[in-house]
Amino acid sequence: MLRIALRSLTYYGRMNLALALGVAAATAVLVGALLVGDSVKGSLRKLTIDRLGRVDEMLVVDRFFRSALIDQLTASTEFNEHYDRAAGVVLFTQGTAERRGDDTTQRASNVMVVGSEGSSFWDFDTTGTRPKQLPAAGQIVLNRALANELQARVGDQVTLRLPKPGDVPADTPLGEKTDRIRSLPRLEVIDIVDDAGLGSFALRASQMQPHNAYVALSQLQETLGQPDRVNAILVAGKNEETPPDASASEALTAALKPTAGDLGLA
């Protein structure tokens with residue numbers, strides 16, 4: 001039987017060689033695709049973790065709630081057992097930035113606007129990326145990608161435009177059709193941070209570099225008519241290497257006790 005098999009392989013040598021080459025090529029393609037897919041998945045995971053810094057839990061809603069809700073959360077036993085810090089911020093993912101030059105106007109859309117108080121937002125960073133100077137009223141910090149898009153430098157003036165929050169969508173019969181935009185005009189660029197760590201903070205996993213702008217929380221609240229209110233909570237666990245488990249997340253959710261007003265109800 002062995003002799004017959006060897007003679008058959010020899011007799012049909014060219015056909016068997018072609019078949020072997022075909023199998024080898026198909027194997028190489030499949031293995032290559034698996035390697036590339038695994039590499040992309042690993043790269044996205046690392047990129048996403050770097051962009052989130054120490055943020056292990058996040059609450060982002062389409063309405064504003066009291067900043068005092070965060071103080072109540074951090075004072076709870078459930079929070080202090082598993083988590084280290086929490087910060088309230090205002091996040092807008094669909095902002096527009098504009099810089100007027102002598103002859104042209106540079107614009108950028110889909111700008112992530114982050115409004116935070118002091119260094120509370122940057123304390124979540126793990127890469128050492130943070131602005132040399134934190135923005136105050138009338139000031140703004142850009143990440144490198146947005147600065148390049150706007151061709152902006154430190155000292156330039158940038159205008160931010162944000163969608164006005166509302167309880168009724170604009171595309172419904174009772175929704176407001178006008179006065180849907182709020183502007184923060186002539187903000188002075190005081191620093192440009194690198195596209196690393198929270199300098200490229202994003203809510204979605206993507207290889208594209210996000211366009212981020214960072215402003216003072218108080219100015220953003222005043223412009224939007226939402227004093228002492230935020231629309232997002234960032235939470236960091238106690239262990240930087242190991243995120244809280246599912247039971248800790250459930251305990252955190254149970255510790256969050258919003259009022260009817262926080263839920264947009266009256």
Side-chain angles (χ1 to χ4, degrees), residues 50-53 55 58 60 64 67 87-125 127-165 180-204 206 208-234:
D50 288 344
R51 287 176 175 178
L52 292 176
V55 178
M58 186 186 307
V60 183
F64 287 82
S67 299
V89 298
V90 172
L91 295 180
F92 278 97
T93 60
Q94 298 295 323
T96 302
E98 177 183 290
R99 185 190 69 83
R100 293 183 179 272
D102 297 333
D103 302 321
T104 60
T105 299
Q106 303 294 332
R107 293 185 179 87
S109 58
N110 296 324
V111 175
M112 165 73 78
V113 180
V114 181
S116 61
E117 182 179 0
S119 63
S120 60
F121 173 76
W122 297 101
D123 290 340
F124 288 89
D125 185 79
T127 64
T129 301
R130 64 174 57 209
K132 300 174 183 176
Q133 180 182 351
L134 296 172
Q139 298 177 334
I140 188 173
V141 173
L142 308 178
N143 72 344
R144 186 70 58 185
L146 180 56
N148 292 339
E149 183 74 13
L150 297 176
Q151 299 179 14
R153 296 175 296 180
V154 173
D156 288 347
Q157 291 187 340
V158 171
T159 295
L160 281 182
R161 291 188 173 86
L162 307 172
K164 177 185 174 182
R180 300 292 303 175
I181 301 297
R182 288 290 180 264
S183 297
L184 284 78
R186 298 182 297 278
L187 300 174
E188 180 187 1
V189 179
I190 60 171
D191 197 6
I192 298 174
V193 296
D194 293 331
D195 297 329
L198 295 186
S200 58
F201 178 76
L203 301 181
R204 294 193 178 104
S206 172
M208 296 185 63
Q209 200 61 248
H211 293 162
N212 291 359
Y214 309 90
V215 296
L217 176 61
S218 57
Q219 182 177 15
L220 205 52
Q221 291 171 332
E222 181 181 354
T223 301
L224 298 172
Q226 300 288 342
D228 298 323
R229 299 175 75 85
V230 295
N231 70 343
I233 302 176
L234 310 180

Query raised in the report: Quick one: salt bridge (Lys or Arg N to Asp or Glu O under 4.0 Å) pairs with a partner in residues 106-116, sequence neighbours left out?
Result: Glu98-Arg107
Query - Non-hydrogen atoms of His211 and Ala108 that approach each other most closely - result: ND1-CB, 4.3 Å
Query raised in the report: Does Asn212 use its side chain to pair, donor to acceptor, with the backbone of Asn143 at less than 3.5 Å?
Result: no
Query raised in the report: Do Leu52 and Phe201 have side-chain heavy atoms sitting under 4.5 Å apart?
Result: yes
Report summary line: What one should report as the nearest heavy-atom pair of Ala145 and Gln209 is CB-CG, 3.7 Å
Query raised in the report: Taking only residues at least two apart or on different chains, which pairs with a member in residues 208-220 satisfy salt bridge (Lys or Arg N to Asp or Glu O under 4.0 Å)?
Result: none
Query raised in the report: Between Thr104 and Gly101, is there a donor-acceptor pair closer than 3.5 Å when you use the side chain of the first and the backbone of the second?
Result: no
Query raised in the report: Hey, is the main chain of Ile181 close enough, under 3.5 Å, to the side chain of Arg161 for a donor-acceptor pair?
Result: no
Query raised in the report: Would you find a donor on one side and an acceptor on the other, under 3.5 Å apart, between the side chain of Tyr214 and the backbone of Gly199?
Result: yes
Query raised in the report: For the residue pair Phe92 and Phe64, does the interplanar ring angle fall in the parallel (under 30°), tilted (30 to 60°) or perpendicular (over 60°) class?
Result: tilted
Query raised in the report: Under 4.5 Å between any side-chain heavy atoms of Pro135 and Ile140, yes or no?
Result: no
Query raised in the report: Considering residues at least two apart in sequence or located in another chain, which fulfil the side chain to side chain contact (heavy atoms under 4.5 Å, CB included) criterion with Ala147?
Result: Leu142, Ile192
**Report entry** Partner set under salt bridge (Lys or Arg N to Asp or Glu O under 4.0 Å) for Asp125, not counting sequence neighbours
**Finding:** none
Requested in this report: Begin with the C-alpha distance, continue with both residues' side-chain angles, and end with the deciding distance and a verdict on side chain to side chain contact (heavy atoms under 4.5 Å, CB included) for Met58 and Leu203.
Outcome: CA-CA 10 Å; Met58 186 186 307; Leu203 301 181; 3.3 Å; yes
Query - Within-4.5 Å side-chain heavy-atom neighbours: Asn110 and Gln94 - result: yes
Counting only pairs under 3.5 Å, give me each side-chain donor-acceptor contact of residues 216-225, with atom names and distances, residues two or more places apart or in other chains.
from	atom 1	to	atom 2	distance (Å)
Gln219	OE1	Gly138	N	2.9
Gln221	NE2	Arg229	O	2.8
Thr223	OG1	Gln219	O	2.9

Report task. Return the set of residues passing side chain to side chain donor-acceptor pair (under 3.5 Å) with Thr96 (not counting sequence neighbours), or none when no residue passes. Result -> none
Query raised in the report: Who passes side chain to side chain donor-acceptor pair (under 3.5 Å) against Asp50, sequence neighbours left out?
Result: Lys46
Query - Minimum heavy-atom distance Val230-Ser67, with the two atoms named - result: CG1-OG, 3.7 Å
Report summary line: Across all chains, not counting sequence neighbours, the side chain to side chain contact (heavy atoms under 4.5 Å, CB included) partners of Ala202 are Arg51, Pro210
Report summary line: Hits for side chain to side chain contact (heavy atoms under 4.5 Å, CB included) against Pro131, two or more places apart or cross-chain, chain-then-number order -> Trp122, Leu134, Val141, Asp191, Val193
Requested in this report: To the nearest 0.5 angstrom, please state how far the CZ atom of Arg99 sits from the CG atom of Asp156.
Outcome: 5.0 Å
Query raised in the report: Which of these, Leu146, Val111, Leu150, sits in a side chain to side chain contact (heavy atoms under 4.5 Å, CB included) with Val158?
Result: Leu150
Report task. Sort and list the pairs that fulfil salt bridge (Lys or Arg N to Asp or Glu O under 4.0 Å) and have at least one residue in residues 130-155, not counting sequence neighbours. Result -> Asp123-Arg130, Arg144-Asp194
Requested in this report: Just jot down the side chain to side chain contact (heavy atoms under 4.5 Å, CB included) partners of Ala232, sequence neighbours excluded, or say none.
Outcome: Val60, Val89, Leu91
Report task. For the pair Thr129 (side chain) and Leu198 (backbone), establish whether a donor and an acceptor sit closer than 3.5 Å, ignoring hydrogens and angles. Result -> no
